[in-house]
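Worksheet for the structure shown next.
In this text the structure is predicted, and so the values were computed from the model without any measurement.
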Amino acid sequence: MSVKNQSFLSQKFELALTSIKEGYYMLRHRGPGQIQFWFIALAIGIAAGFAALFFRKGVNALQTFLYGTEDVRLLHSFAESLPWYLILIIPICGGLVVGVILHLFTKDARARSVADVIYGAAMRDGRVETKAGLASALASLVTLGTGGSTGREGPVVHLAAVISTWVNRRILADGITGRDLLGCAVAAAVSASFNAPIAGALFALEVVLRHFAVHAFAPIVIASAAGTVINRLEFGGVTEFALGTVNEVQFYQELPAYLLLGLVSGLVAVALMRAIFLADDLGTVVQNRLRIPRWLRPAFAGAMLGAIAIYYPHIIGVGYETTFNALNGELLLWEAIVFAVLKTAAVAITMAGRMGGGVFSPSLMIGALTGLSFGLVATSIFPDVSGSISLYALAGMGAVAAAVLGAPISTTLIVFELTGDWQTGLAVMVAVSLSTSLASQLVDRSFFLTQLERRNIHLAAGPQAYLLAMFKVSAVVRYKSDPHAADEAACAALVEKGFYIKANATLEAAMPMFDGGETFVPVVTVPPDGGPKQIIGALFYVDALKVYNRALAATAAEEHS
């Protein structure tokens, strides 16, 4: 090759290298452009899809290794033939492993899940905890693989959020970009986990971002499609539950029955959620009174699960086999009722034991059992105007799950995509609408938002309730050096009366102090040694309102763009 050609190629290579460096600089410091953003969304979708796939296969491999079954979808039937001591010991050992993992890698020994992703979207610019998130995914994998009675969607969603958080930090994404990429990761994870691309996209919008902004729709759909492709490359285009019966609604006589089923399902969903919270509170009381180390708490839960599973192995894991049997009407009335009650207890024990996992798959199983029980009773009373029993199970499955998730749209669609039955939409929609309406009045809109409410994080009421908690008083205070600062003598007099706020408090705590008509509140710092309070300035009501109004305007602009 001539020197001239070498020089030409060298120049082109250097030019390309310079362009890449400039592009990377622009990406980090000015954010991605529209086309770049879609490619990033696609990359996140692929990564989240593989994460969901590996998590699912990891759970299956662990169950196969420990229980010895070749088909994990038939796990409970196979477990019936195992020695009782194995059924008892496996979840205990799993609980010990989970307890150690969460004790070492999380501050509170609690597995992260969907509620933490929602919190990250609302208040942390689309970021979640990474180290605790990875530890939670591993702990949840062990939980599900050793007989824990939860679902895989919670840890998969949070694991995907960890991936988007890593990308957000690399490109220095702002709040809107960070939340959109978080939505992309969640959509891909749900799609790859359940082979449900439509529901995956809508789940990210409806549950995690909690808005349907147009600017977020395209990248989330791209990521969701990527996740679905990964699922289908491994498992094909098959649905999770293949229904063997043809579902037909006997219009119009049968629709009132589905309205009633919706109300029953709403109550069942509320019972499930409250059982989980009650068990969690009870577990904390017992742990404190008996002084049980926090790393042992999951092992005690595992022992309780193992004791139940000796007689009823239906509670082990996700519960595909029992759900399938319910959807195909292959259970008796007493079996459906007993299995629903025991699954509710098992889910409460697993969650209260801080073992990790999600609530979506258990709610599908409990919903299918509820619908089947209702259908068996309804069709026996009114046989002449009744359709398929399986349709009641299908509608109950969607109704309970929708009420638990607080997501009627995405849950309705995911039920259709899981079963491939699109012909009975009216019955499912009627039941779902009634169940979510009733349940949202009895809890804080959903299981996840109620979880956050119990942590004193008020997302259920909307941005007007939680935005104030995002701002520290120290960021809004007028310091004493400010030309328009408050009078020092007036501040000192108010502090003497006990009327002041600390600089590290939030505006959420400060705003109620203006209810008496005050125009400002003194801001103080307290030395670590407990010395006298130091007045650093004052928080003016008008300044707090300006910050609050700007935040509301920015949120409204994002949700309607």
Derivation and outcome, side chain to side chain contact (heavy atoms under 4.5 Å, CB included), residues Thr350 and Ser149: CA-CA 6 Å; Thr350 307; Ser149 194; 3.7 Å; yes
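- Going from atom CG of Leu452 over to atom CD1 of Ile118 covers 6.5 Å, rounded to the nearest 0.5 Å.
- A 4.5 Å side-chain heavy-atom check between Met397 and Leu394 finds at least one atom pair inside the cut-off.
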Using side chain to side chain contact (heavy atoms under 4.5 Å, CB included), reason through Tyr67 and Ile316 one step at a time and then give a plain yes or no. CA-CA 11 Å; Tyr67 289 97; Ile316 295 175; 4.1 Å; yes
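- The side-chain hydrogen bond (donor to acceptor under 3.5 Å, both in side chains) analysis of residues 95-116, with sequence neighbours excluded, yields the pairs His103-Arg294, Asp108-Arg110, Asp108-Arg112, Arg110-Asp116, Arg112-Glu129, Asp116-Arg455.
- For the pair Arg127 (side chain) and Asp125 (backbone), a donor-acceptor distance under 3.5 Å is present.
- Between the Gln63 side chain and the Thr146 main chain, no donor and acceptor come within less than 3.5 Å of each other.
- Of all non-hydrogen atoms in Asn231 and Ala192, the two that sit nearest each other are ND2-O, 2.5 Å.
- Using a 4.5 Å cut-off on side-chain heavy atoms (C-beta onward), Thr411 and Val432 make no contact.
- A donor-acceptor contact shorter than 3.5 Å links the side chain of Ser140 to the backbone of Gly357.
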Starting from the C-alpha separation in whole Å, work towards a yes-or-no answer on salt bridge (charged side-chain N to carboxylate O under 4.0 Å, His left out) for Arg56 and Glu234. CA-CA 11 Å; Arg56 177 175 180 174; Glu234 176 64 24; over 6 Å; no
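- Remark: the backbone N or O of Pro408 is paired with a side-chain donor or acceptor of Thr412 at under 3.5 angstrom.
- The CD1 atom of Ile101 sits 11.0 Å away from atom CG of Leu96, with the distance rounded to the nearest 0.5 Å.
- A 6.0 Å sphere centred on CZ of Phe78 holds more than 12 heavy atoms belonging to other residues, nucleotides or ligands.
- Within the 4.5 Å cutoff, the side chain of Phe324 has no heavy atoms near those of the Tyr320 side chain.
- Contact check for Gln451 versus Val114: no side-chain heavy atoms found under the 4.5 Å cut-off.
- Between the side chains of Asn195 and Arg232, at least one donor N or O sits under 3.5 Å from an acceptor N or O.
- Put simply, the side chain of Ser193 reaches to within 4.5 Å of the side chain of Arg152, judged on heavy atoms.
- In this structure, the side chains of Leu53 and Phe235 come closer than 4.5 Å at one or more pairs of heavy atoms.
- Expressed to the nearest 0.5 Å, how far CG of Leu159 lies from CG of Leu138 amounts to 10.5 Å.
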Determine, step by step, whether Ser224 and Ser191 satisfy the side chain to side chain donor-acceptor pair (under 3.5 Å) criterion, reporting the C-alpha distance in whole Å, the side-chain angles of both residues, the deciding distance to 0.1 Å, and the verdict. CA-CA 6 Å; Ser224 183; Ser191 300; 2.5 Å; yes
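- Ala460 and Leu449 make their closest contact through CA-CD1, 4.0 Å (heavy atoms, listed as atom of the first residue, atom of the second, distance).
- Here the closest non-hydrogen pair linking Ala403 and Ala269 is CB-CB, 3.5 Å.
- Closest of all the heavy-atom pairs between Thr323 and Met365 is OG1-CB, 3.3 Å.
- Checking Thr284 against Arg297 by side-chain atom types alone, a donor-acceptor pair falls below 3.5 Å.
- Between the CG atom of Leu209 and the CG atom of Leu182 there is a distance of 6.5 Å, given to the nearest 0.5 Å.
- Taken to the nearest 0.5 Å, the CD1 atom of Ile414 stands 8.5 Å off from the CG atom of Leu405.
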Test log, rule side chain to side chain contact (heavy atoms under 4.5 Å, CB included), inputs Val128 and His158: CA-CA 8 Å; Val128 298; His158 198 280; 3.9 Å; yes
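- Between Tyr466 and His458, the distance from one ring center to the other does not fall under 6.0 angstrom.
- By the neighbour-count criterion of 12 heavy atoms within 6.0 Å, atom CE of Met304 is sparsely surrounded, having that number or fewer from other residues, nucleotides or ligands.
- You'll find the side chain of Leu369 reaches within 4.5 Å of the side chain of Leu331, heavy atoms only.
- Distance alone, capped at 3.5 Å, places no donor-acceptor pair between the Asp280 side chain and the Ile276 backbone.
- Between Arg445 and Glu453, no side-chain nitrogen of the basic residue sits less than 4.0 Å from a carboxylate oxygen of the acidic one, so the salt-bridge criterion is not met.
- Contact record, Val400 with Ser363: CG1-O, 3.7 Å, taken as the closest heavy-atom pair.
- When side chains are defined from C-beta on, Leu413 does not count as touching Ser410, because their heavy atoms never get closer than 4.5 Å.
- In this pair, Tyr392 and Phe374 present their aromatic rings tilted. The plane angle is within the 30 to 60° band.
- In terms of heavy atoms, Thr450 sits closest to Asp444 at OG1-N, 3.1 Å.
- Ring-centre distance between Phe203 and Phe360: not below the 6.0 Å cut-off.
- Residues Asp281 and Arg274 are not paired through a salt bridge, judged by the lack of any N-O separation under 4.0 Å between the basic side chain and the carboxylate.
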With side chain to side chain contact (heavy atoms under 4.5 Å, CB included) as the criterion, how do Val117 and Val186 come out once you've worked through the C-alpha distance, each side chain's angles and the decisive distance to 0.1 Å? CA-CA 9 Å; Val117 179; Val186 170; 4.0 Å; yes
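- Note that CD1 of Ile337 and CG of Leu376 are 8.5 Å apart. Values are rounded to the nearest 0.5 Å.
- For Phe277, the CZ atom is densely surrounded, since the number of other residues' heavy atoms within 6.0 Å is greater than 12.
- Distance alone, capped at 3.5 Å, is enough to place a donor-acceptor pair between the Lys472 side chain and the Asn504 backbone.
- Remark: the backbone N or O of Ser433 is paired with a side-chain donor or acceptor of Thr436 at under 3.5 angstrom.
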